[in-house]
Amino acid sequence: MKDGHIFKILLFREALLMIRNKSTLLLTAVFFIQVLALFPLGLNPEPELLHTIGPAVIPICALLSSLLMMRCFFADDFSDGSLTKLLLLPTSPIVMVYAKVLVHALFSGAALALLAPVMAIQYYFEADMVFRAGLVMLLLVPTLSALGAMSAALTLGLSNENILPTLIYLPLAVPALIFAMLALGRNHPADWYLLAAMALAAVFFLPAVASIAIRWVNL
(Lines give C-alpha, C1' and ligand atoms only; values in the text may rest on other atoms or scores of the structure.)
Protein backbone atom coordinates (compact mmCIF):
# COMPACT_ATOMS: atom_id res chain seq x y z
CA MET A 1 0.00 0.00 0.00
CA LYS A 2 2.87 2.34 0.88
CA ASP A 3 4.65 1.67 -2.41
CA GLY A 4 1.43 2.27 -4.33
CA HIS A 5 0.91 5.64 -2.65
CA ILE A 6 4.51 6.70 -3.32
CA PHE A 7 4.18 5.54 -6.92
CA LYS A 8 1.13 7.76 -7.41
CA ILE A 9 3.00 10.73 -5.98
CA LEU A 10 5.97 10.07 -8.24
CA LEU A 11 3.68 9.74 -11.25
CA PHE A 12 2.14 13.11 -10.44
CA ARG A 13 5.61 14.63 -9.99
CA GLU A 14 6.91 13.30 -13.30
CA ALA A 15 3.77 14.37 -15.15
CA LEU A 16 4.04 17.85 -13.67
CA LEU A 17 7.72 18.08 -14.66
CA MET A 18 6.88 16.91 -18.17
CA ILE A 19 4.16 19.55 -18.48
CA ARG A 20 6.48 22.27 -17.19
CA ASN A 21 9.19 21.08 -19.56
CA LYS A 22 6.76 21.08 -22.47
CA SER A 23 9.35 22.71 -24.71
CA THR A 24 11.25 19.40 -24.88
CA LEU A 25 8.10 17.49 -25.77
CA LEU A 26 7.23 20.14 -28.35
CA LEU A 27 10.73 19.95 -29.81
CA THR A 28 10.39 16.17 -30.10
CA ALA A 29 7.09 16.52 -31.96
CA VAL A 30 8.44 19.25 -34.24
CA PHE A 31 11.54 17.20 -35.03
CA PHE A 32 9.38 14.18 -35.87
CA ILE A 33 7.18 16.25 -38.18
CA GLN A 34 10.01 18.12 -39.88
CA VAL A 35 12.12 15.06 -40.65
CA LEU A 36 9.15 13.16 -42.05
CA ALA A 37 8.08 16.20 -44.07
CA LEU A 38 11.54 16.99 -45.44
CA PHE A 39 12.71 13.43 -46.10
CA PRO A 40 10.86 13.12 -49.44
CA LEU A 41 12.66 16.25 -50.70
CA GLY A 42 15.91 14.30 -50.84
CA LEU A 43 14.32 11.62 -53.03
CA ASN A 44 12.21 11.37 -56.10
CA PRO A 45 8.78 12.08 -54.58
CA GLU A 46 6.93 9.43 -56.54
CA PRO A 47 3.97 7.85 -54.73
CA GLU A 48 5.27 4.31 -55.24
CA LEU A 49 8.69 5.15 -53.77
CA LEU A 50 7.29 7.04 -50.79
CA HIS A 51 4.81 4.24 -50.13
CA THR A 52 7.70 1.75 -50.13
CA ILE A 53 10.04 3.64 -47.80
CA GLY A 54 7.33 5.01 -45.49
CA PRO A 55 7.15 1.96 -43.18
CA ALA A 56 10.88 2.32 -42.50
CA VAL A 57 11.10 6.12 -42.30
CA ILE A 58 8.34 6.62 -39.72
CA PRO A 59 9.77 4.29 -37.00
CA ILE A 60 13.28 5.62 -37.61
CA CYS A 61 12.08 9.20 -37.12
CA ALA A 62 10.35 8.12 -33.91
CA LEU A 63 13.60 6.56 -32.72
CA LEU A 64 15.63 9.68 -33.47
CA SER A 65 13.09 12.08 -32.00
CA SER A 66 13.01 10.11 -28.75
CA LEU A 67 16.71 10.88 -28.29
CA LEU A 68 15.79 14.51 -27.63
CA MET A 69 13.96 13.48 -24.44
CA MET A 70 16.80 11.39 -23.04
CA ARG A 71 17.75 14.08 -20.52
CA CYS A 72 14.24 14.04 -19.06
CA PHE A 73 14.93 10.74 -17.29
CA PHE A 74 17.67 11.32 -14.71
CA ALA A 75 20.19 13.95 -15.84
CA ASP A 76 18.24 16.98 -14.61
CA ASP A 77 17.40 15.33 -11.28
CA PHE A 78 21.02 14.29 -10.87
CA SER A 79 22.40 17.76 -11.58
CA ASP A 80 20.14 19.57 -9.08
CA GLY A 81 20.36 16.92 -6.36
CA SER A 82 16.75 15.79 -6.61
CA LEU A 83 17.77 12.25 -7.49
CA THR A 84 19.54 11.76 -4.16
CA LYS A 85 16.41 12.86 -2.31
CA LEU A 86 14.24 10.52 -4.40
CA LEU A 87 16.49 7.61 -3.45
CA LEU A 88 15.85 8.39 0.24
CA LEU A 89 12.15 7.60 -0.16
CA PRO A 90 11.01 4.52 1.79
CA THR A 91 10.62 2.41 -1.31
CA SER A 92 12.73 0.69 -3.95
CA PRO A 93 14.37 2.91 -6.61
CA ILE A 94 12.62 0.82 -9.25
CA VAL A 95 9.34 2.50 -8.29
CA MET A 96 10.81 5.87 -9.24
CA VAL A 97 12.20 4.47 -12.49
CA TYR A 98 8.84 2.95 -13.42
CA ALA A 99 7.16 6.30 -12.80
CA LYS A 100 9.59 8.06 -15.12
CA VAL A 101 9.29 5.41 -17.85
CA LEU A 102 5.48 5.37 -17.67
CA VAL A 103 5.12 9.15 -17.87
CA HIS A 104 7.67 9.37 -20.68
CA ALA A 105 5.90 6.62 -22.63
CA LEU A 106 2.46 8.18 -22.10
CA PHE A 107 3.44 11.69 -23.19
CA SER A 108 5.77 10.85 -26.06
CA GLY A 109 3.70 7.83 -27.13
CA ALA A 110 0.51 9.85 -27.28
CA ALA A 111 2.22 12.61 -29.26
CA LEU A 112 3.78 10.24 -31.80
CA ALA A 113 0.65 8.09 -32.07
CA LEU A 114 -1.35 11.17 -33.02
CA LEU A 115 1.25 12.59 -35.40
CA ALA A 116 2.28 9.38 -37.18
CA PRO A 117 -1.08 8.76 -38.93
CA VAL A 118 -1.18 12.37 -40.10
CA MET A 119 2.32 12.20 -41.51
CA ALA A 120 1.63 8.76 -43.01
CA ILE A 121 -0.78 10.38 -45.44
CA GLN A 122 2.18 12.18 -47.03
CA TYR A 123 3.65 8.76 -47.85
CA TYR A 124 0.50 7.68 -49.67
CA PHE A 125 -0.50 5.05 -47.12
CA GLU A 126 -3.84 3.33 -47.42
CA ALA A 127 -6.41 3.83 -44.68
CA ASP A 128 -5.47 0.65 -42.85
CA MET A 129 -1.76 1.56 -42.92
CA VAL A 130 -2.54 5.02 -41.56
CA PHE A 131 -4.28 3.38 -38.60
CA ARG A 132 -1.40 0.93 -38.16
CA ALA A 133 1.10 3.80 -38.04
CA GLY A 134 -0.48 5.08 -34.82
CA LEU A 135 -0.74 1.59 -33.34
CA VAL A 136 2.91 0.86 -34.09
CA MET A 137 3.91 4.02 -32.22
CA LEU A 138 1.91 2.92 -29.18
CA LEU A 139 3.80 -0.39 -29.11
CA LEU A 140 7.22 0.98 -30.06
CA VAL A 141 7.43 3.93 -27.68
CA PRO A 142 7.30 1.90 -24.39
CA THR A 143 10.32 -0.08 -25.58
CA LEU A 144 12.15 3.14 -26.51
CA SER A 145 11.26 4.71 -23.15
CA ALA A 146 12.55 1.72 -21.17
CA LEU A 147 15.71 1.59 -23.26
CA GLY A 148 16.21 5.32 -22.84
CA ALA A 149 15.86 5.08 -19.06
CA MET A 150 18.36 2.24 -18.87
CA SER A 151 20.85 3.99 -21.18
CA ALA A 152 20.58 7.24 -19.22
CA ALA A 153 21.02 5.44 -15.90
CA LEU A 154 24.06 3.45 -17.03
CA THR A 155 25.89 6.63 -18.09
CA LEU A 156 24.69 8.89 -15.29
CA GLY A 157 27.40 11.14 -13.92
CA LEU A 158 29.93 10.40 -16.65
CA SER A 159 31.67 13.20 -18.49
CA ASN A 160 30.19 12.25 -21.87
CA GLU A 161 26.65 11.69 -20.61
CA ASN A 162 25.18 13.41 -23.68
CA ILE A 163 26.86 11.00 -26.11
CA LEU A 164 27.28 7.71 -24.28
CA PRO A 165 23.55 7.05 -23.74
CA THR A 166 23.05 7.27 -27.50
CA LEU A 167 25.79 4.72 -28.12
CA ILE A 168 24.01 2.26 -25.83
CA TYR A 169 20.49 3.16 -26.88
CA LEU A 170 20.68 2.96 -30.66
CA PRO A 171 22.07 -0.60 -31.10
CA LEU A 172 19.66 -2.04 -28.52
CA ALA A 173 16.69 -0.32 -30.19
CA VAL A 174 17.36 -1.91 -33.61
CA PRO A 175 15.33 -5.14 -33.01
CA ALA A 176 12.26 -3.18 -31.91
CA LEU A 177 12.75 -0.88 -34.88
CA ILE A 178 12.85 -3.82 -37.30
CA PHE A 179 9.65 -5.38 -35.97
CA ALA A 180 7.95 -1.97 -36.04
CA MET A 181 8.87 -1.61 -39.72
CA LEU A 182 7.61 -5.11 -40.49
CA ALA A 183 4.35 -4.63 -38.60
CA LEU A 184 3.69 -1.37 -40.39
CA GLY A 185 4.67 -2.72 -43.80
CA ARG A 186 3.66 -6.34 -44.28
CA ASN A 187 1.25 -6.49 -41.29
CA HIS A 188 1.97 -10.11 -40.36
CA PRO A 189 0.51 -11.18 -36.96
CA ALA A 190 3.88 -12.54 -35.85
CA ASP A 191 5.42 -9.07 -36.22
CA TRP A 192 2.79 -7.56 -33.95
CA TYR A 193 3.21 -10.31 -31.36
CA LEU A 194 6.98 -9.88 -31.31
CA LEU A 195 6.71 -6.09 -31.11
CA ALA A 196 4.28 -6.33 -28.18
CA ALA A 197 6.38 -9.02 -26.46
CA MET A 198 9.46 -6.85 -26.83
CA ALA A 199 7.62 -3.90 -25.28
CA LEU A 200 6.47 -6.01 -22.32
CA ALA A 201 9.94 -7.47 -21.78
CA ALA A 202 11.61 -4.05 -22.00
CA VAL A 203 9.19 -2.42 -19.57
CA PHE A 204 9.46 -5.36 -17.16
CA PHE A 205 13.24 -5.90 -17.08
CA LEU A 206 15.03 -2.70 -18.10
CA PRO A 207 13.78 -0.45 -15.24
CA ALA A 208 15.33 -2.95 -12.82
CA VAL A 209 18.70 -2.52 -14.54
CA ALA A 210 18.27 1.26 -14.45
CA SER A 211 17.44 1.25 -10.73
CA ILE A 212 20.58 -0.79 -9.93
CA ALA A 213 22.72 1.63 -11.97
CA ILE A 214 21.23 4.67 -10.22
CA ARG A 215 21.78 3.17 -6.78
CA TRP A 216 25.39 2.36 -7.70
CA VAL A 217 26.06 5.93 -8.87
CA ASN A 218 24.69 7.39 -5.63
CA LEU A 219 26.55 5.08 -3.25
Side-chain angles (χ1 to χ4, degrees), residues 1-19 21 24-25 28 62-63 65-113 137-158 161-162 164-177 179-180 194-219:
M1 188 67 180
K2 180 179 66 175
D3 288 345
H5 181 65
I6 294 176
F7 182 65
K8 292 178 182 178
I9 295 175
L10 291 174
L11 280 178
F12 179 78
R13 174 186 182 271
E14 296 302 325
L16 187 61
L17 288 175
M18 187 69 73
I19 294 172
N21 196 23
T24 303
L25 184 61
T28 301
L63 173 70
S65 63
S66 65
L67 290 173
L68 299 175
M69 298 186 68
M70 192 78 74
R71 191 172 179 83
C72 295
F73 285 110
F74 308 111
D76 291 336
D77 287 338
F78 181 77
S79 61
D80 63 13
S82 299
L83 188 60
T84 302
K85 297 178 181 178
L86 290 173
L87 293 175
L88 295 176
L89 292 173
T91 187
S92 172
I94 196 173
V95 176
M96 179 260 294
V97 177
Y98 268 117
K100 288 182 175 292
V101 170
L102 181 58
V103 170
H104 182 278
L106 286 176
F107 277 81
S108 60
L112 296 182
M137 292 299 105
L138 291 177
L139 292 175
L140 177 63
V141 168
T143 303
L144 299 182
S145 298
L147 281 173
M150 184 192 71
S151 303
L154 290 174
T155 57
L156 192 62
L158 299 180
E161 63 178 14
N162 293 325
L164 291 177
T166 304
L167 298 178
I168 299 174
Y169 172 84
L170 289 179
L172 295 177
V174 169
L177 193 65
F179 290 123
L194 289 171
L195 184 60
M198 193 168 294
L200 290 174
V203 172
F204 185 80
F205 290 108
L206 298 186
V209 179
S211 65
I212 294 172
I214 291 171
R215 183 180 295 176
W216 180 263
V217 170
N218 286 270
L219 286 178

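Counting from 1, the numbers follow the sequence of the chain as shown.
Side-chain atoms of Thr155 come within 3.5 Å of backbone atoms of Ser151 as a donor-acceptor pair (strictly under, hydrogens ignored). Judged by distance alone, the side chain of Tyr98 and the main-chain N or O of Phe204 form a donor-acceptor pair under 3.5 Å.
Closest heavy-atom contact between Met137 and Ala62: SD-CB, 3.6 Å. Looking at every heavy atom in both residues, Ile168 comes nearest to Leu172 through O-CG, 3.4 Å. Summarising the geometry of Gly109 relative to Leu138, their closest heavy-atom pair is O-CD2, 4.1 Å, with the distance given to 0.1 Å. Closest approach of Thr143 to Ala176, counting heavy atoms only: CG2-CB, 3.8 Å. Taking both residues in full, the closest heavy atoms of Ala210 and Ala149 are given as CB-O, 3.9 Å, listed atom of the first, atom of the second, then distance. In terms of heavy-atom proximity, Phe7 sits nearest to Ala99 at CE1-N, 3.6 Å.
Here CG of Leu86 is found 6.5 Å from CG of Leu10. Values are rounded to the nearest 0.5 Å. Annotation: the span from Leu25 atom CG to His104 atom NE2 amounts to 8.5 Å, rounded to 0.5 Å. Here CG of Leu11 is found 12.5 Å from CE of Met96. Values are rounded to the nearest 0.5 Å. In this structure, the separation between CG on Leu154 and CD1 on Ile214 is 9.5 Å, given to the nearest 0.5 Å. To the nearest 0.5 Å, atoms CG (Leu195) and CG (Leu177) are separated by 10.0 Å. Put simply, OG1 on Thr24 and CG on Leu68 are 8.5 Å apart, with the number rounded to the nearest 0.5 Å.
Partners of Tyr169 according to the side chain to side chain donor-acceptor pair (under 3.5 Å) rule, which considers only residues two or more places apart in sequence or in another chain, are Ser66. By the side chain to side chain donor-acceptor pair (under 3.5 Å) test, Ser211 pairs with no residue at all, sequence neighbours left out.
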(message) Is there a side-chain contact (heavy atoms from CB on, under 4.5 Å) between Arg13 and Ser82? Walk through the geometry before answering.
(response) CA-CA 12 Å; Arg13 174 186 182 271; Ser82 299; 3.8 Å; yes
(request) For side-chain contact (heavy atoms from CB on, under 4.5 Å), just list the numbers for Leu83 and Leu156, CA-CA rounded to whole Å, side-chain angles, deciding distance to a tenth of an Å, and then say yes or no. (result) CA-CA 11 Å; Leu83 188 60; Leu156 192 62; 3.4 Å; yes
(request) Please assess Phe107 against Glu14 for the test side-chain contact (heavy atoms from CB on, under 4.5 Å), listing each intermediate value before the final yes or no. (result) CA-CA 11 Å; Phe107 277 81; Glu14 296 302 325; over 6 Å; no
(request) Please assess Leu67 against Leu170 for the test side-chain contact (heavy atoms from CB on, under 4.5 Å), listing each intermediate value before the final yes or no. (result) CA-CA 9 Å; Leu67 290 173; Leu170 289 179; 4.2 Å; yes
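Pro90 places a side-chain heavy atom less than 4.5 Å from the side chain of Ile6.
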